[in-house]
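Throughout, residue positions are numbered sequentially from 1 according to the sequence presented.
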Amino acid sequence: MTTLSPARRQRGPSRRGPGKRGPARRMRGLWDASPLTYLTLIVALALSIFPIYWMIVVATRTNDVVSDVPPPVLPGGKLGDNVSRLFGTEDVYFAKGLINSFIASGAVTISTVFFASLAGFAFAKLRFRGKNGLLLTIIATMMIPVQMGIVPLYMIMVELGWQNKLQAVIIPFLVTGFGVFMMRQYADQAVPDELIEAARVDGCTTFGIYWRVVLPALRPAAGVLGLFTFMQTWNEFMWPLAVLTPDNPTVQLSINNLANAYFKDYTLMFAGTTIAILPLLVVFVVFGRQIIGGIMEGAIKA
């Protein structure tokens, strides 16, 4: 049995001086934010927020301040009057545009999350003929620009008699290839095969497995997909402009009606834009916490 002498036992710890840092401390030092980093982030944040803040400021004032240099930085007291004039303008249909956008965005979001998660579960965990070919076909649809499908899609809406009807904005977008692919990738990693087999042993049907086992596990990805889908549908402009008329608009078309007026009232335009972004902020704040909480919960369990 070999033993170390006291001199050799003391030699090991003394090789690293007290002033030297270990590899772990050096790696932590690489991620420490410097004052320049904070300054850069603050400048970037100010440049990103100022146009939105200036829009809100103009919405609370009159048209006289639009061309002021330097621009005003303090809100005024005309927001209530501008909002009243906005909803009172007959040829804008702003209230109807808000209602139509809420209906279309809510229906498309719920449908996309349901069908995309259902198809993602099938592609990830079920076995059937042609699965790989169907998945490749869905992925291929993501490579086609949306602009290329407007003309044939508009002709279909005309043949169905859905022109200037709200279902023309909802039905073609009930599910997306991106949503199916995203949910398939997440279900493949988040749902263990043993969990599905245990549910089958307990006598659960395929849809029951999806509803009771798979869908709760897909909650973080479903939240992200729902948030993106709601924002995309709410901000959609080109397709509603093609299929809807100015008297049955979405909220984006209502703002466009203000922009196309002979006399451009910027206070009304900015007041309408401010109201139009409020639902997006509310949805992001409310569901963003749930998304982050679900992701952190899944990371802890993993």
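- For the pair Asp265 and Arg85, the salt-bridge criterion is met [side-chain N within less than 4.0 Å of a carboxylate O].
- There is no path of hydrophobic side-chain contacts, each under 4.5 Å, that joins Ile110 to Ile103.
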ask   = Given Phe128 and Leu134, is the side-chain contact (heavy atoms from CB on, under 4.5 Å) satisfied, shown in steps?
value = CA-CA 11 Å; Phe128 54 91; Leu134 289 175; 4.1 Å; yes
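- For Thr229 (side chain) and Thr109 (main-chain N/O), no donor-acceptor pair under 3.5 Å exists by modelled atom type.
- The OH atom of Tyr186 sits 9.0 Å away from atom CZ of Arg219, with the distance rounded to the nearest 0.5 Å.
- Atom CG of residue Asp247 and atom CD of residue Glu90 lie 13.0 Å apart, to the nearest 0.5 angstrom.
- Side-chain atoms of Thr37 and Ser34 include a donor-acceptor pair closer than 3.5 Å.
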task = Step by step, work out the side-chain contact (heavy atoms from CB on, under 4.5 Å) result for Thr176 and Met142.
result = CA-CA 8 Å; Thr176 60; Met142 300 167 54; over 6 Å; no
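- Ser101 places no side-chain N or O within 3.5 Å of a backbone atom of Leu98 that could act as its donor or acceptor partner.
- Residues Val175 and Phe173 do not share a hydrophobic cluster, clusters being chains of Ile/Leu/Val/Met/Phe/Trp/Tyr side chains in contact below 4.5 Å.
- For the pair Asn164 and Val243, the minimum side-chain heavy-atom distance is 4.5 Å or more.
- In this structure a side-chain-to-backbone donor-acceptor pair under 3.5 Å is present from Lys131 to Leu126.
- The distance from atom OG1 of Thr60 to atom CG of Asp81, rounded to the nearest 0.5 Å, is 11.0 Å.
- In this structure, the separation between CH2 on Trp239 and CE on Met157 is 5.5 Å, given to the nearest 0.5 Å.
- Going from atom CG of Leu280 over to atom CZ of Phe230 covers 6.5 Å, rounded to the nearest 0.5 Å.
- Between Tyr210 and Phe207, the two ring planes are tilted [angle within 30° to 60°].
- The environment of Phe123 atom CZ is dense: over 12 non-hydrogen atoms of other residues, nucleotides or ligands sit within 6.0 angstrom.
- Asn82 and Ala59 make their closest contact through ND2-O, 2.6 Å (heavy atoms, listed as atom of the first residue, atom of the second, distance).
- In terms of heavy-atom proximity, Cys204 sits nearest to Gly208 at SG-C, 3.3 Å.
- Using a distance-only test at 3.5 Å, with no hydrogens or angles considered, a donor-acceptor pair links the side chain of Arg61 to the main chain of Leu74.
- Looking at every heavy atom in both residues, Thr267 comes nearest to Asn63 through N-OD1, 3.3 Å.
- Of all heavy-atom pairs between Pro51 and Leu47, the closest is CD-O, 3.2 Å.
- Using a 4.5 Å cut-off between side-chain heavy atoms of Ile, Leu, Val, Met, Phe, Trp and Tyr, with links allowed through other members, Val113 and Leu174 fall into different hydrophobic clusters.
- Looking only at distances, a side-chain donor or acceptor of Ser84 sits under 3.5 Å from a matching main-chain atom of Gly80.
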key: Worked check of side-chain contact (heavy atoms from CB on, under 4.5 Å) between Val191 and Phe121   = CA-CA 9 Å; Val191 183; Phe121 160 61; 5.9 Å; no
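- Cluster membership check: Val180 shares its hydrophobic cluster with Met183, using side-chain heavy-atom separations under 4.5 Å among Ile, Leu, Val, Met, Phe, Trp and Tyr.
- Within the 3.5 Å criterion, the main-chain N or O of Gly177 finds no donor-acceptor partner in the side chain of Thr141.
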query = Can Phe284 and Leu227 be said to form a side-chain contact (heavy atoms from CB on, under 4.5 Å), step by step?
reply = CA-CA 7 Å; Phe284 184 80; Leu227 178 62; 3.7 Å; yes
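- Within the 4.5 Å cutoff, the side chain of Gln163 has no heavy atoms near those of the Leu244 side chain.
- Taking each heavy atom of Pro279 and Phe102 in turn, the nearest pair found is CG-CZ, 3.8 Å.
- Listed for the Trp234 side chain is a donor-acceptor partner under 3.5 Å among the backbone atoms of Ala276.
- Here the side chain of Asn235 pairs a donor or acceptor atom with the backbone of Met231 at under 3.5 angstrom.
- Residue Asn257 holds its CG atom at 10.5 Å from OG1 of Thr89, rounded to the nearest 0.5 Å.
- Atom OH of Tyr38 is surrounded by 12 or fewer heavy atoms from other residues, nucleotides or ligands within 6.0 Å.
- Between the side chains of Asn100 and Thr250, no donor-acceptor pair of N or O atoms lies under 3.5 Å.
- Ile255 and Leu86 fall within the same hydrophobic cluster, defined by Ile, Leu, Val, Met, Phe, Trp and Tyr side-chain heavy atoms under 4.5 Å apart, directly or through other members.
- Annotation: Phe114, atom CZ; neighbour count of heavy atoms from other residues, nucleotides and ligands within 6.0 Å is above 12.
- Across every non-hydrogen atom of Leu225 and Ala116, the tightest pair is CD2-CB, 3.8 Å.
- No donor-acceptor pair under 3.5 Å is formed between the side chain of Asn248 and the backbone N or O of Leu166.
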